[in-house]
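Here's the structure we're looking at; comments come further down.
Remember, predicted model here, so these are calculated numbers, not experimental data. Below, chain A is the first sequence line, B the second, and so on; all start at residue 1.
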Protein chains: 2
Amino acid sequence: MGTTKTAAFTQADIAAAKYAKALAHPARIAILRILVERRACICGDIVEELPLSQSTVSQHLKELKESGLIKGDVEGKKVCYCIDAQVWQQAQQVLGGLFAGYLPRHTSCC
Amino acid sequence: MGTTKTAAFTQADIAAAKYAKALAHPARIAILRILVERRACICGDIVEELPLSQSTVSQHLKELKESGLIKGDVEGKKVCYCIDAQVWQQAQQVLGGLFAGYLPRHTSCC
DNA sequence: AATTTTAATCGTAATTTTGCGATGATAACA
DNA sequence: TGTTATCATCGCAAAATTACGATTAAAATT
């Protein structure tokens with residue numbers, strides 16, 4: 001059906017999946033790396049660094065904005081994007097917590 | 001076009017996106033949580049815990065297996081799934097590294 | 001040997017994602 | 001005011017994702 005049965009899962013799982021989905025494309029990872037490194041960045045500069053058209057980059061930025069991970073600030077003609085520290089930390093905890101939950105041992109079934 | 005321009009990005013970004021994509025659905029998060037908690041689990045038990053059909057769960061398991069995060073061990077009639085410790089740690093580092101790269105400060109553009 | 005159990009795969013349908021060019025909207029500039 | 005620059009949105013096409021029932025394959029049971 002293509003419709004994800006989101007409602008049937010826990011809030012924690014839905015949140016984790018939401019953040020993971022925002023990261024689930026190399027272009028969006030690349031954008032986030034730029035913002036992490038530069039602290040903030042004009043939209044146009046991001047477009048120049050990526051091998052994608054302006055409209056496609058704009059779409060990826062929109063998805064990242066909708067996940068909450070980044071914010072966009074209109075500065076006259078340009079738009080400055082940056083990481084939302086609060087949401088970033090939240091995503092880090094949600095996903096980090098999942099990974100941290102697994103403690104490797106020598107006894108394993110497979 | 002629907003085709004992701006994967007080839008145009010760095011290996012690190014592709015790897016990060018690949019692991020994130022594996023986590024990008026509540027059902028797969030739920031499966032991983034079960035495996036983290038139980039250390040290993042029979043396929044049938046996972047199907048029972050999720051609000052999805054057997055074939056759908058099987059598909060999610062396949063995706064997780066293709067990402068490398070889990071392994072499946074055939075045990076007679078049943079199949080035992082568990083986390084692949086090596087790949088798990090790799091994903092933890094790749095995604096954790098991205099998050100750790102951002103150090104929040106008071107000076108922010110937006 | 002026939003049946004049952006377990007899980008993968010196939011076929012199908014609806015939806016979402018990815019990507020781009022074209023078009024719009026808004027602000028800055030001449 | 002007309003033009004240019006910057007970025008979002010629209011419309012479209014191709015492909016991928018999500019979901020399920022039905023079928024298949026293989027092992028275990030009877």
(message) Using every non-hydrogen atom in the two residues, find where A:V94 and A:A15 come nearest and quote the distance to one decimal.
(response)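 The answer is CG1-C, 4.4 Å.
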
(message) Below 4.0 angstrom, which residues in residues 19-35 of chain B have at least one non-hydrogen atom near DNA chain D?
(response)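 By residue number: B:K21, B:H25, B:R28.
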
(message) Please list, in numerical order, the residues of residues 58-70 of chain B that have a heavy atom closer than 4.0 Å to any atom of DNA chain D.
(response)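 Output list: B:Q59, B:H60, B:E63.
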
Quick one: [X] [atom1] to [N] [atom2], roughly how many Å, whole number?
X: A:I46; N: D:dT6; atom1: CD1; atom2: C1'; answer: 13 Å
X: B:K18; N: D:dA16; atom1: NZ; atom2: P; answer: 17 Å
X: A:I14; N: D:dT18; atom1: CD1; atom2: P; answer: 14 Å
X: A:Q54; N: D:dT6; atom1: CD; atom2: P; answer: 11 Å
X: A:D45; N: D:dT6; atom1: CG; atom2: C1'; answer: 11 Å
X: B:D73; N: C:dA7; atom1: CG; atom2: C1'; answer: 14 Å
X: B:Y81; N: C:dT6; atom1: OH; atom2: P; answer: 15 Å

(request) Please confirm whether any donor atom in the side chain of A:S53 sits under 3.5 Å from an acceptor in the base of C:dG19, or the reverse. (result)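 Per atom types, no contact qualifies.
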
(message) On the nucleotide C:dG21, are OP1 or OP2 found under 4.0 Å from the side-chain N or O atoms that A:S55 carries?
(response)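 Indeed not, no polar side-chain atom of A:S55 lies that close.
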
(request) Could you tell me whether the side chain of A:L95 reaches within less than 4.5 Å of the side chain of B:Y19, counting heavy atoms only? (result)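 No, side chains not in contact.
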
(message) Within the structure provided, determine whether B:R28 and B:L61 are in side-chain contact (heavy-atom separation under 4.5 Å).
(response)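 Side-chain contact under 4.5 Å: no.
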
(request) Return the 5'-most residue of the pair A:K77, B:I42 with respect to DNA chain C, ranking by each residue's nearest nucleotide. (result)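 The residue closer to the strand's 5' end, by nearest nucleotide, is B:I42.
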
(request) Report the residue from A:L64, A:L35, A:L69 that forms a side chain to side chain contact (heavy atoms under 4.5 Å, CB included) with A:I83. (result)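 When A:L64, A:L35, A:L69 are each tested with A:I83, the side chain to side chain contact (heavy atoms under 4.5 Å, CB included) holds only for A:L35.
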
(request) Identify which one of A:I42, A:V57, A:T56 satisfies the side chain to side chain contact (heavy atoms under 4.5 Å, CB included) criterion when paired with A:V47. (result)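 Checked A:I42, A:V57, A:T56 against A:V47; only one passes side chain to side chain contact (heavy atoms under 4.5 Å, CB included): A:V57.
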
